[in-house]
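I have placed the structure first, in the form of C-alpha coordinates, so that the comments after it can refer back to it.
Residue numbering restarts at 1 for every chain, and letters A, B, ... go by the order of the sequence lines. When reading the values below, keep in mind they use all heavy atoms of this one structure, side chains included, and skip hydrogens, waters and symmetry mates.
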Number of protein chains: 2
Amino acid sequence: MVTDGLRSPAHDDGAAPAEETAVPAEPGSARWWTERALVDRRRRPRAGGLSTERIVETALEILREEGLEALTVRSVAERLGTSNASLYRHIASRDELIALIADHVMGDIRLDRTGRGWRADVEALMLEMRRVILSQPLPPSAGRSKSGSGSGPNMLRLVEFALALYREAGLTDRQAVYTTITMIEFVGGSTNIRRSPAGRGSNGVAGAADLRQLLDGLPADDFPALRTAGNLYTAASADDVFTHGMTLFLDGVASQLPSNQ
Amino acid sequence: MVTDGLRSPAHDDGAAPAEETAVPAEPGSARWWTERALVDRRRRPRAGGLSTERIVETALEILREEGLEALTVRSVAERLGTSNASLYRHIASRDELIALIADHVMGDIRLDRTGRGWRADVEALMLEMRRVILSQPLPPSAGRSKSGSGSGPNMLRLVEFALALYREAGLTDRQAVYTTITMIEFVGGSTNIRRSPAGRGSNGVAGAADLRQLLDGLPADDFPALRTAGNLYTAASADDVFTHGMTLFLDGVASQLPSNQ
DNA sequence: ACCTGAACACCGTTCAAGT
DNA sequence: ACCTGAACACCGTTCAAGT
(Lines give C-alpha, C1' and ligand atoms only; values in the text may rest on other atoms or scores of the structure.)
Protein backbone atom coordinates (compact mmCIF):
# COMPACT_ATOMS: atom_id res chain seq x y z
CA MET A 1 0.00 0.00 0.00
CA VAL A 2 2.59 2.46 -1.13
CA THR A 3 0.64 4.79 -3.34
CA ASP A 4 -1.53 6.00 -0.50
CA GLY A 5 -3.32 9.16 -1.42
CA LEU A 6 -3.56 8.42 -5.10
CA ARG A 7 -6.91 7.59 -6.51
CA SER A 8 -5.99 5.80 -9.67
CA PRO A 9 -5.51 2.07 -9.18
CA ALA A 10 -2.87 2.10 -11.89
CA HIS A 11 0.71 2.29 -10.65
CA ASP A 12 3.24 3.85 -12.94
CA ASP A 13 6.29 1.99 -11.71
CA GLY A 14 9.18 2.46 -14.07
CA ALA A 15 7.24 4.80 -16.29
CA ALA A 16 8.78 7.93 -14.81
CA PRO A 17 12.61 8.16 -14.98
CA ALA A 18 12.73 7.93 -11.18
CA GLU A 19 13.70 11.38 -9.99
CA GLU A 20 14.57 10.14 -6.49
CA THR A 21 11.16 11.21 -5.26
CA ALA A 22 9.64 7.73 -5.30
CA VAL A 23 6.82 7.83 -2.75
CA PRO A 24 5.53 11.30 -1.89
CA ALA A 25 6.03 12.07 1.78
CA GLU A 26 2.91 11.97 3.91
CA PRO A 27 1.82 15.43 5.12
CA GLY A 28 3.01 16.00 8.67
CA SER A 29 5.69 13.32 8.53
CA ALA A 30 9.34 14.03 9.25
CA ARG A 31 10.31 13.62 5.62
CA TRP A 32 7.54 15.93 4.52
CA TRP A 33 8.71 18.72 6.82
CA THR A 34 12.29 18.21 5.66
CA GLU A 35 11.41 18.36 1.98
CA ARG A 36 9.13 21.29 2.54
CA ALA A 37 11.90 23.37 4.11
CA LEU A 38 13.93 22.90 0.94
CA VAL A 39 11.12 23.77 -1.46
CA ASP A 40 10.26 26.88 0.51
CA ARG A 41 13.70 28.29 -0.13
CA ARG A 42 13.34 28.62 -3.88
CA ARG A 43 10.13 30.58 -3.87
CA ARG A 44 9.78 33.90 -5.62
CA PRO A 45 6.65 35.49 -4.14
CA ARG A 46 5.02 38.33 -5.99
CA ALA A 47 3.90 41.62 -4.50
CA GLY A 48 0.59 41.12 -2.79
CA GLY A 49 0.52 37.54 -3.92
CA LEU A 50 -0.28 34.43 -1.98
CA SER A 51 1.96 32.80 0.59
CA THR A 52 1.69 29.69 2.71
CA GLU A 53 1.54 31.90 5.75
CA ARG A 54 -1.46 33.83 4.47
CA ILE A 55 -3.20 30.63 3.45
CA VAL A 56 -2.71 29.03 6.85
CA GLU A 57 -3.90 32.11 8.70
CA THR A 58 -6.99 32.41 6.54
CA ALA A 59 -7.73 28.73 6.99
CA LEU A 60 -7.42 29.16 10.74
CA GLU A 61 -9.91 32.02 10.62
CA ILE A 62 -12.45 29.82 8.88
CA LEU A 63 -11.74 27.00 11.31
CA ARG A 64 -12.41 29.21 14.31
CA GLU A 65 -15.44 30.95 12.87
CA GLU A 66 -17.19 28.15 11.02
CA GLY A 67 -15.64 24.87 12.08
CA LEU A 68 -13.79 22.07 10.36
CA GLU A 69 -16.48 21.16 7.87
CA ALA A 70 -16.49 24.66 6.46
CA LEU A 71 -12.75 24.53 5.93
CA THR A 72 -12.41 23.61 2.28
CA VAL A 73 -9.83 24.54 -0.29
CA ARG A 74 -12.54 26.47 -2.02
CA SER A 75 -13.65 28.41 1.04
CA VAL A 76 -10.06 29.43 1.80
CA ALA A 77 -9.57 30.60 -1.77
CA GLU A 78 -12.79 32.56 -1.70
CA ARG A 79 -11.83 34.38 1.47
CA LEU A 80 -8.48 35.19 -0.07
CA GLY A 81 -10.17 36.49 -3.20
CA THR A 82 -8.48 34.05 -5.55
CA SER A 83 -9.33 30.87 -7.37
CA ASN A 84 -9.00 27.58 -5.57
CA ALA A 85 -6.54 26.37 -8.14
CA SER A 86 -4.13 29.07 -7.03
CA LEU A 87 -3.70 27.51 -3.62
CA TYR A 88 -2.14 24.46 -5.19
CA ARG A 89 0.90 26.53 -6.00
CA HIS A 90 1.64 26.62 -2.25
CA ILE A 91 0.09 23.48 -0.87
CA ALA A 92 -0.14 20.16 -2.62
CA SER A 93 -3.34 19.00 -0.96
CA ARG A 94 -5.90 19.69 1.71
CA ASP A 95 -4.05 17.29 4.00
CA GLU A 96 -0.95 19.43 3.74
CA LEU A 97 -2.96 22.47 4.72
CA ILE A 98 -4.27 20.69 7.80
CA ALA A 99 -0.80 19.52 8.79
CA LEU A 100 0.44 23.10 8.51
CA ILE A 101 -2.44 24.39 10.61
CA ALA A 102 -1.91 21.75 13.27
CA ASP A 103 1.70 22.74 13.84
CA HIS A 104 0.95 26.43 13.46
CA VAL A 105 -1.50 26.28 16.35
CA MET A 106 1.07 24.60 18.57
CA GLY A 107 3.08 27.79 18.23
CA ASP A 108 0.65 29.39 20.67
CA ILE A 109 1.82 27.15 23.49
CA ARG A 110 3.82 29.26 25.93
CA LEU A 111 6.90 27.52 27.24
CA ASP A 112 7.72 29.01 30.63
CA ARG A 113 9.45 27.79 33.75
CA THR A 114 7.58 28.49 36.94
CA GLY A 115 10.62 28.51 39.18
CA ARG A 116 8.80 26.21 41.57
CA GLY A 117 10.35 22.89 40.61
CA TRP A 118 9.80 20.26 37.95
CA ARG A 119 6.35 19.20 39.06
CA ALA A 120 4.92 22.71 38.87
CA ASP A 121 6.65 23.19 35.52
CA VAL A 122 5.22 20.04 34.02
CA GLU A 123 1.78 20.81 35.38
CA ALA A 124 1.85 24.30 33.88
CA LEU A 125 3.03 22.91 30.57
CA MET A 126 0.29 20.30 30.38
CA LEU A 127 -2.42 22.81 31.25
CA GLU A 128 -1.07 25.19 28.64
CA MET A 129 -1.00 22.45 26.01
CA ARG A 130 -4.56 21.54 26.82
CA ARG A 131 -5.67 25.16 26.69
CA VAL A 132 -4.22 25.69 23.23
CA ILE A 133 -5.44 22.40 21.81
CA LEU A 134 -8.95 23.12 23.03
CA SER A 135 -8.82 26.60 21.57
CA GLN A 136 -8.50 24.89 18.23
CA PRO A 137 -12.15 24.71 17.32
CA LEU A 138 -13.08 21.34 15.97
CA PRO A 139 -10.54 18.93 14.56
CA PRO A 140 -9.72 17.23 17.87
CA SER A 141 -7.11 15.08 16.25
CA ALA A 142 -7.35 16.10 12.63
CA GLY A 143 -3.74 17.01 12.32
CA ARG A 144 -2.34 15.15 15.25
CA SER A 145 -3.69 11.80 14.27
CA LYS A 146 -1.70 11.55 11.10
CA SER A 147 1.17 9.17 11.21
CA GLY A 148 4.58 10.54 12.02
CA SER A 149 3.00 13.62 13.48
CA GLY A 150 4.85 15.85 15.89
CA SER A 151 7.67 16.68 13.54
CA GLY A 152 6.71 20.25 12.79
CA PRO A 153 8.88 23.14 14.05
CA ASN A 154 6.51 24.07 16.84
CA MET A 155 6.13 20.52 18.07
CA LEU A 156 9.90 20.07 18.05
CA ARG A 157 10.24 23.21 20.12
CA LEU A 158 7.76 21.74 22.60
CA VAL A 159 9.60 18.42 22.69
CA GLU A 160 12.89 20.19 23.31
CA PHE A 161 11.42 22.12 26.22
CA ALA A 162 9.87 19.02 27.78
CA LEU A 163 12.97 16.89 27.35
CA ALA A 164 15.09 19.45 29.16
CA LEU A 165 12.50 19.65 31.93
CA TYR A 166 12.49 15.93 32.57
CA ARG A 167 16.25 15.61 32.29
CA GLU A 168 16.75 18.33 34.89
CA ALA A 169 14.16 16.69 37.10
CA GLY A 170 16.43 13.68 37.26
CA LEU A 171 15.13 11.24 34.67
CA THR A 172 17.52 9.39 32.40
CA ASP A 173 17.64 10.30 28.72
CA ARG A 174 15.56 7.27 27.92
CA GLN A 175 12.99 8.00 30.60
CA ALA A 176 12.82 11.64 29.55
CA VAL A 177 12.12 10.71 25.93
CA TYR A 178 9.43 8.18 26.77
CA THR A 179 7.84 10.43 29.36
CA THR A 180 7.74 13.36 26.94
CA ILE A 181 6.00 11.33 24.27
CA THR A 182 3.61 9.86 26.83
CA MET A 183 2.76 13.33 28.07
CA ILE A 184 1.98 14.59 24.58
CA GLU A 185 -0.16 11.56 23.82
CA PHE A 186 -1.98 11.87 27.11
CA VAL A 187 -2.88 15.53 26.71
CA GLY A 188 -3.95 14.85 23.16
CA GLY A 189 -6.09 11.94 24.28
CA SER A 190 -7.73 14.02 26.98
CA THR A 191 -8.99 16.44 24.36
CA ASN A 192 -10.30 13.78 22.00
CA ILE A 193 -13.34 12.58 23.81
CA ARG A 194 -15.96 13.65 26.28
CA ARG A 195 -16.26 17.17 24.99
CA SER A 196 -19.81 18.36 25.16
CA PRO A 197 -21.88 18.63 21.98
CA ALA A 198 -21.64 22.38 22.15
CA GLY A 199 -17.95 22.09 21.40
CA ARG A 200 -15.66 24.68 22.91
CA GLY A 201 -14.88 24.88 26.56
CA SER A 202 -17.79 23.05 28.03
CA ASN A 203 -17.27 20.34 30.57
CA GLY A 204 -19.44 17.47 29.54
CA VAL A 205 -22.02 18.52 32.10
CA ALA A 206 -24.18 19.59 29.19
CA GLY A 207 -24.77 15.97 28.21
CA ALA A 208 -25.15 14.71 31.77
CA ALA A 209 -28.93 14.46 31.60
CA ASP A 210 -28.78 12.55 28.33
CA LEU A 211 -26.24 10.13 29.68
CA ARG A 212 -28.29 9.73 32.85
CA GLN A 213 -31.28 8.81 30.74
CA LEU A 214 -29.25 6.32 28.75
CA LEU A 215 -28.05 4.60 31.91
CA ASP A 216 -31.58 4.48 33.28
CA GLY A 217 -32.68 2.56 30.22
CA LEU A 218 -30.05 -0.12 30.70
CA PRO A 219 -30.86 -3.61 31.98
CA ALA A 220 -30.66 -3.13 35.71
CA ASP A 221 -28.53 -6.11 36.63
CA ASP A 222 -25.98 -5.93 33.86
CA PHE A 223 -24.34 -2.70 34.97
CA PRO A 224 -24.12 -2.69 38.75
CA ALA A 225 -20.94 -0.63 39.04
CA LEU A 226 -22.19 1.92 36.53
CA ARG A 227 -25.44 2.10 38.48
CA THR A 228 -23.88 2.88 41.82
CA ALA A 229 -21.29 5.26 40.39
CA GLY A 230 -23.83 6.66 37.94
CA ASN A 231 -24.12 10.23 39.01
CA LEU A 232 -20.40 10.63 39.30
CA TYR A 233 -19.94 9.23 35.81
CA THR A 234 -22.52 11.36 34.11
CA ALA A 235 -21.52 14.56 35.86
CA ALA A 236 -17.74 14.20 35.64
CA SER A 237 -16.34 17.34 34.06
CA ALA A 238 -13.63 17.05 31.46
CA ASP A 239 -11.44 19.47 33.40
CA ASP A 240 -11.70 17.49 36.62
CA VAL A 241 -10.95 14.25 34.82
CA PHE A 242 -7.92 15.84 33.24
CA THR A 243 -6.66 17.13 36.57
CA HIS A 244 -7.04 13.65 38.03
CA GLY A 245 -5.23 12.02 35.12
CA MET A 246 -2.46 14.58 35.35
CA THR A 247 -2.00 13.75 39.01
CA LEU A 248 -1.69 10.05 38.21
CA PHE A 249 0.86 10.86 35.54
CA LEU A 250 2.88 13.16 37.80
CA ASP A 251 2.83 10.66 40.64
CA GLY A 252 4.08 8.04 38.24
CA VAL A 253 6.92 10.27 37.10
CA ALA A 254 7.79 11.17 40.68
CA SER A 255 8.14 7.52 41.58
CA GLN A 256 10.82 7.13 38.91
CA LEU A 257 13.04 9.93 40.18
CA PRO A 258 16.27 8.83 41.83
CA SER A 259 15.36 10.78 44.96
CA ASN A 260 12.46 8.39 45.36
CA GLN A 261 14.48 5.20 45.31
CA MET B 1 -24.18 26.79 16.59
CA VAL B 2 -27.12 24.54 17.06
CA THR B 3 -27.84 23.37 13.54
CA ASP B 4 -24.52 21.57 13.26
CA GLY B 5 -24.57 19.16 10.39
CA LEU B 6 -26.97 21.10 8.25
CA ARG B 7 -25.66 22.83 5.22
CA SER B 8 -28.28 25.42 4.60
CA PRO B 9 -27.65 28.66 6.44
CA ALA B 10 -31.39 29.18 6.76
CA HIS B 11 -32.91 28.08 10.03
CA ASP B 12 -36.51 27.00 10.01
CA ASP B 13 -37.36 27.90 13.57
CA GLY B 14 -41.08 27.82 14.10
CA ALA B 15 -41.76 26.58 10.61
CA ALA B 16 -42.15 22.97 11.69
CA PRO B 17 -44.83 22.29 14.30
CA ALA B 18 -42.12 21.30 16.78
CA GLU B 19 -42.42 17.54 17.09
CA GLU B 20 -40.30 17.40 20.26
CA THR B 21 -37.25 16.51 18.17
CA ALA B 22 -35.77 19.99 18.16
CA VAL B 23 -32.05 19.48 17.57
CA PRO B 24 -31.08 16.15 16.02
CA ALA B 25 -28.80 14.18 18.33
CA GLU B 26 -25.17 14.06 17.32
CA PRO B 27 -24.08 10.61 16.14
CA GLY B 28 -22.34 8.75 18.96
CA SER B 29 -23.79 10.92 21.69
CA ALA B 30 -25.77 9.51 24.60
CA ARG B 31 -29.02 10.90 23.29
CA TRP B 32 -28.36 9.50 19.85
CA TRP B 33 -27.85 5.98 21.21
CA THR B 34 -30.98 6.29 23.31
CA GLU B 35 -33.14 7.46 20.43
CA ARG B 36 -31.67 4.86 18.14
CA ALA B 37 -32.64 2.03 20.46
CA LEU B 38 -36.25 3.17 20.21
CA VAL B 39 -36.31 3.52 16.44
CA ASP B 40 -34.75 0.10 15.97
CA ARG B 41 -37.70 -1.50 17.68
CA ARG B 42 -40.26 -0.56 15.07
CA ARG B 43 -38.43 -1.94 12.09
CA ARG B 44 -39.97 -4.46 9.74
CA PRO B 45 -37.03 -5.95 7.80
CA ARG B 46 -37.72 -7.78 4.58
CA ALA B 47 -36.38 -11.18 3.62
CA GLY B 48 -32.84 -10.78 2.35
CA GLY B 49 -33.12 -7.05 2.78
CA LEU B 50 -30.69 -4.63 4.33
CA SER B 51 -30.04 -4.25 8.02
CA THR B 52 -27.86 -1.97 10.08
CA GLU B 53 -25.83 -4.99 11.09
CA ARG B 54 -25.08 -5.94 7.49
CA ILE B 55 -24.22 -2.37 6.61
CA VAL B 56 -21.80 -2.03 9.52
CA GLU B 57 -20.10 -5.33 8.75
CA THR B 58 -19.70 -4.48 5.09
CA ALA B 59 -18.34 -1.06 5.99
CA LEU B 60 -15.84 -2.69 8.32
CA GLU B 61 -14.70 -4.96 5.50
CA ILE B 62 -14.00 -1.99 3.30
CA LEU B 63 -12.26 -0.23 6.14
CA ARG B 64 -9.93 -3.15 6.76
CA GLU B 65 -9.25 -3.86 3.10
CA GLU B 66 -9.05 -0.41 1.60
CA GLY B 67 -8.81 2.11 4.40
CA LEU B 68 -10.88 5.00 5.64
CA GLU B 69 -10.82 7.03 2.46
CA ALA B 70 -12.36 4.20 0.50
CA LEU B 71 -15.20 3.95 2.99
CA THR B 72 -17.98 5.94 1.35
CA VAL B 73 -21.70 5.50 1.44
CA ARG B 74 -21.48 4.63 -2.21
CA SER B 75 -18.78 1.99 -1.82
CA VAL B 76 -20.73 0.28 0.95
CA ALA B 77 -23.86 0.24 -1.19
CA GLU B 78 -21.97 -1.13 -4.15
CA ARG B 79 -20.53 -4.00 -2.12
CA LEU B 80 -24.00 -4.76 -0.83
CA GLY B 81 -25.36 -4.73 -4.35
CA THR B 82 -27.85 -1.95 -3.72
CA SER B 83 -28.17 1.73 -4.43
CA ASN B 84 -26.57 4.18 -2.08
CA ALA B 85 -29.94 5.77 -1.42
CA SER B 86 -31.09 2.54 0.18
CA LEU B 87 -28.64 2.87 3.02
CA TYR B 88 -30.39 6.00 4.20
CA ARG B 89 -33.30 3.85 5.31
CA HIS B 90 -31.02 2.48 8.05
CA ILE B 91 -28.51 5.20 8.73
CA ALA B 92 -29.19 8.90 8.57
CA SER B 93 -25.68 9.93 7.57
CA ARG B 94 -22.13 8.81 7.06
CA ASP B 95 -21.30 10.08 10.56
CA GLU B 96 -23.84 7.69 12.01
CA LEU B 97 -22.25 4.83 10.14
CA ILE B 98 -18.85 5.71 11.57
CA ALA B 99 -20.23 5.98 15.09
CA LEU B 100 -21.78 2.54 14.72
CA ILE B 101 -18.52 1.09 13.42
CA ALA B 102 -16.53 2.64 16.25
CA ASP B 103 -18.62 1.00 18.93
CA HIS B 104 -18.95 -2.23 16.99
CA VAL B 105 -15.19 -2.64 16.94
CA MET B 106 -15.01 -2.13 20.70
CA GLY B 107 -17.04 -5.31 20.99
CA ASP B 108 -13.88 -7.23 20.12
CA ILE B 109 -12.24 -6.20 23.38
CA ARG B 110 -12.09 -9.22 25.63
CA LEU B 111 -12.88 -8.47 29.26
CA ASP B 112 -11.16 -11.06 31.40
CA ARG B 113 -9.81 -11.16 34.91
CA THR B 114 -6.32 -12.56 35.22
CA GLY B 115 -6.68 -13.74 38.77
CA ARG B 116 -3.40 -12.07 39.59
CA GLY B 117 -4.61 -8.88 41.21
CA TRP B 118 -5.83 -5.50 40.07
CA ARG B 119 -2.57 -4.36 38.50
CA ALA B 120 -2.29 -7.36 36.24
CA ASP B 121 -5.97 -7.01 35.36
CA VAL B 122 -5.67 -3.36 34.39
CA GLU B 123 -2.51 -4.02 32.43
CA ALA B 124 -4.18 -6.81 30.48
CA LEU B 125 -7.20 -4.64 29.82
CA MET B 126 -5.14 -1.73 28.52
CA LEU B 127 -3.09 -3.96 26.24
CA GLU B 128 -6.25 -5.57 24.94
CA MET B 129 -7.83 -2.18 24.28
CA ARG B 130 -4.76 -1.07 22.43
CA ARG B 131 -4.66 -4.24 20.38
CA VAL B 132 -8.24 -3.85 19.23
CA ILE B 133 -8.00 -0.14 18.52
CA LEU B 134 -4.89 -0.68 16.42
CA SER B 135 -6.58 -3.52 14.56
CA GLN B 136 -9.00 -0.90 13.35
CA PRO B 137 -7.25 0.10 10.17
CA LEU B 138 -7.10 3.82 9.78
CA PRO B 139 -9.48 6.18 11.52
CA PRO B 140 -7.36 6.58 14.67
CA SER B 141 -9.97 8.71 16.30
CA ALA B 142 -12.63 8.94 13.65
CA GLY B 143 -15.39 7.67 15.85
CA ARG B 144 -13.88 8.27 19.22
CA SER B 145 -13.21 11.93 18.71
CA LYS B 146 -16.83 12.88 18.37
CA SER B 147 -18.28 14.65 21.34
CA GLY B 148 -20.09 12.61 23.90
CA SER B 149 -18.43 9.50 22.59
CA GLY B 150 -18.18 6.37 24.67
CA SER B 151 -21.92 5.90 25.08
CA GLY B 152 -22.35 2.93 22.81
CA PRO B 153 -23.26 -0.47 24.23
CA ASN B 154 -19.79 -1.89 23.86
CA MET B 155 -18.12 1.11 25.42
CA LEU B 156 -20.55 0.99 28.36
CA ARG B 157 -19.70 -2.66 28.84
CA LEU B 158 -16.03 -1.70 28.95
CA VAL B 159 -16.68 1.11 31.40
CA GLU B 160 -18.66 -1.22 33.66
CA PHE B 161 -15.82 -3.74 33.70
CA ALA B 162 -13.19 -1.11 34.46
CA LEU B 163 -15.24 0.58 37.17
CA ALA B 164 -15.68 -2.72 39.01
CA LEU B 165 -11.97 -3.41 38.67
CA TYR B 166 -10.93 -0.12 40.22
CA ARG B 167 -13.55 -0.28 42.93
CA GLU B 168 -12.40 -3.71 43.98
CA ALA B 169 -8.81 -2.53 43.91
CA GLY B 170 -9.75 -0.10 46.65
CA LEU B 171 -10.42 3.22 44.93
CA THR B 172 -13.40 5.33 45.91
CA ASP B 173 -16.33 5.63 43.51
CA ARG B 174 -15.11 9.00 42.46
CA GLN B 175 -11.54 7.86 41.94
CA ALA B 176 -12.74 4.81 40.03
CA VAL B 177 -14.81 6.93 37.66
CA TYR B 178 -12.05 9.43 36.97
CA THR B 179 -9.43 6.73 36.62
CA THR B 180 -11.57 4.78 34.18
CA ILE B 181 -12.10 7.78 31.95
CA THR B 182 -8.42 8.68 32.18
CA MET B 183 -7.45 5.16 31.18
CA ILE B 184 -9.70 5.21 28.13
CA GLU B 185 -8.40 8.60 27.06
CA PHE B 186 -4.82 7.53 27.58
CA VAL B 187 -5.07 4.36 25.52
CA GLY B 188 -6.89 6.29 22.82
CA GLY B 189 -4.22 8.97 22.82
CA SER B 190 -1.46 6.42 22.56
CA THR B 191 -2.92 5.18 19.29
CA ASN B 192 -3.45 8.59 17.79
CA ILE B 193 0.07 9.61 16.98
CA ARG B 194 3.45 8.18 16.14
CA ARG B 195 2.16 5.40 14.02
CA SER B 196 4.46 4.74 11.13
CA PRO B 197 3.43 5.82 7.62
CA ALA B 198 2.91 2.17 6.70
CA GLY B 199 -0.04 2.10 9.05
CA ARG B 200 -0.79 -1.14 10.80
CA GLY B 201 1.38 -2.64 13.49
CA SER B 202 4.61 -0.87 12.82
CA ASN B 203 6.51 0.76 15.62
CA GLY B 204 7.61 4.09 14.36
CA VAL B 205 11.04 2.69 13.61
CA ALA B 206 10.17 2.95 9.96
CA GLY B 207 10.40 6.72 10.08
CA ALA B 208 13.46 6.81 12.32
CA ALA B 209 15.87 7.65 9.52
CA ASP B 210 13.64 10.45 8.27
CA LEU B 211 13.31 11.92 11.74
CA ARG B 212 17.06 11.59 12.23
CA GLN B 213 17.62 13.57 9.07
CA LEU B 214 15.16 16.22 10.17
CA LEU B 215 16.95 16.67 13.50
CA ASP B 216 20.32 16.88 11.76
CA GLY B 217 19.06 19.79 9.73
CA LEU B 218 18.05 21.77 12.80
CA PRO B 219 20.03 24.77 14.06
CA ALA B 220 22.59 23.11 16.29
CA ASP B 221 22.31 25.30 19.36
CA ASP B 222 18.55 25.61 19.53
CA PHE B 223 17.82 21.98 20.36
CA PRO B 224 20.47 20.74 22.78
CA ALA B 225 18.28 18.24 24.63
CA LEU B 226 16.88 16.85 21.41
CA ARG B 227 20.42 16.53 20.12
CA THR B 228 21.75 14.51 23.02
CA ALA B 229 18.66 12.36 23.31
CA GLY B 230 18.30 12.23 19.55
CA ASN B 231 18.78 8.55 18.83
CA LEU B 232 16.46 7.55 21.61
CA TYR B 233 13.80 9.89 20.33
CA THR B 234 13.93 8.82 16.72
CA ALA B 235 14.08 5.13 17.49
CA ALA B 236 11.48 4.98 20.27
CA SER B 237 8.95 2.33 19.36
CA ALA B 238 5.28 3.02 19.90
CA ASP B 239 4.91 -0.18 21.90
CA ASP B 240 7.76 0.69 24.25
CA VAL B 241 6.42 4.19 24.77
CA PHE B 242 3.01 2.75 25.56
CA THR B 243 4.46 0.31 28.07
CA HIS B 244 6.28 3.16 29.76
CA GLY B 245 3.20 5.34 29.88
CA MET B 246 1.16 2.46 31.26
CA THR B 247 3.69 2.01 34.04
CA LEU B 248 3.44 5.68 34.96
CA PHE B 249 -0.33 5.39 35.01
CA LEU B 250 -0.33 2.23 37.12
CA ASP B 251 2.18 3.68 39.56
CA GLY B 252 -0.04 6.70 39.89
CA VAL B 253 -3.07 4.57 40.61
CA ALA B 254 -1.14 2.46 43.09
CA SER B 255 -0.17 5.54 45.06
CA GLN B 256 -3.84 6.33 45.55
CA LEU B 257 -4.78 3.00 47.06
CA PRO B 258 -5.54 3.03 50.79
CA SER B 259 -2.92 0.33 51.36
CA ASN B 260 -0.36 2.86 50.23
CA GLN B 261 -1.24 5.57 52.72
C1' DA C 1 7.41 31.52 -11.42
C1' DC C 2 3.00 32.49 -10.61
C1' DC C 3 -1.98 32.68 -11.46
C1' DT C 4 -6.56 31.15 -13.35
C1' DG C 5 -11.11 29.41 -15.81
C1' DA C 6 -12.87 25.37 -16.85
C1' DA C 7 -13.27 20.80 -16.42
C1' DC C 8 -12.93 15.90 -14.27
C1' DA C 9 -14.09 12.55 -11.17
C1' DC C 10 -15.75 12.07 -7.38
C1' DC C 11 -18.64 12.92 -2.77
C1' DG C 12 -23.16 12.86 0.76
C1' DT C 13 -27.87 13.49 0.64
C1' DT C 14 -32.70 14.15 -1.05
C1' DC C 15 -36.88 13.10 -3.36
C1' DA C 16 -40.47 11.48 -6.16
C1' DA C 17 -41.89 7.31 -7.78
C1' DG C 18 -42.30 2.56 -7.40
C1' DT C 19 -43.31 -2.34 -4.63
C1' DA D 1 -42.33 -0.10 5.27
C1' DC D 2 -38.95 -0.57 2.20
C1' DC D 3 -36.30 0.24 -2.02
C1' DT D 4 -34.45 2.95 -6.04
C1' DG D 5 -33.02 6.04 -10.32
C1' DA D 6 -32.04 10.39 -10.96
C1' DA D 7 -30.78 14.61 -9.54
C1' DC D 8 -28.72 18.48 -6.45
C1' DA D 9 -25.17 20.81 -4.41
C1' DC D 10 -21.21 20.31 -3.21
C1' DC D 11 -16.04 18.46 -2.89
C1' DG D 12 -10.44 18.07 -4.09
C1' DT D 13 -7.52 18.19 -7.85
C1' DT D 14 -5.66 18.82 -12.63
C1' DC D 15 -4.47 21.12 -16.76
C1' DA D 16 -3.94 24.06 -20.54
C1' DA D 17 -3.56 28.70 -21.24
C1' DG D 18 -2.31 33.08 -19.81
C1' DT D 19 1.14 36.97 -17.36
Where DNA chain C forms stems, i.e. three or more consecutive Watson-Crick or G-U pairs with both distances under 3.5 Å: C:4-8 with D:12-16, C:12-16 with D:4-8
Residues A:R131 and A:E128 bridged, charged N to O under 4.0 Å: yes
Quiz: residues 101-109 of chain A side-chain donor-acceptor pairs under 3.5 angstrom, not counting sequence neighbours:
| residue | atom | partner | partner atom | Å |
| --- | --- | --- | --- | --- |
| A:D103 | OD1 | A:N154 | N | 3.3 |
| A:D103 | OD1 | A:M155 | N | 3.1 |
| A:D103 | OD2 | A:N154 | N | 3.0 |
| A:D103 | OD2 | A:N154 | ND2 | 3.3 |

d(CZ, A:R74; C1', D:dC11) in whole Å: 6 Å
For atom CD of B:E69 and atom C1' of D:dT13, their distance in whole Å: 13 Å
Whether B:E96 side chain and B:P27 backbone form a donor-acceptor pair below 3.5 Å: no
For atom OH of B:Y88 and atom P of C:dT14, their distance in whole Å: 7 Å
Flag, side chain of B:R64 to backbone of B:S135, donor-acceptor distance under 3.5 Å: yes
Atom pair distance, as rounded to whole Å: CZ in B:R94 and P in D:dC10: 19 Å
I'd like a list of close polar pairs between nucleotides 4-6 of chain C and the protein, N/O only, cut-off under 3.5 Å.
| residue | atom | partner | partner atom | Å |
| --- | --- | --- | --- | --- |
| C:dT4 | OP2 | A:S86 | OG | 2.8 |

Value in whole Å for how far the P atom of C:dC10 lies from CG of B:L71: 17 Å
Any donor-acceptor N/O pair, A:R94 side chain to A:L71 backbone, under 3.5 Å: yes
Rounded distance in Å - CD (B:E78) to C1' (C:dC11): 14 Å
B:E78 atom CD, neighbour heavy-atom count above 12 within 6.0 Å: no
Value in whole Å for how far the C1' atom of C:dC2 lies from NE2 of A:H90: 8 Å
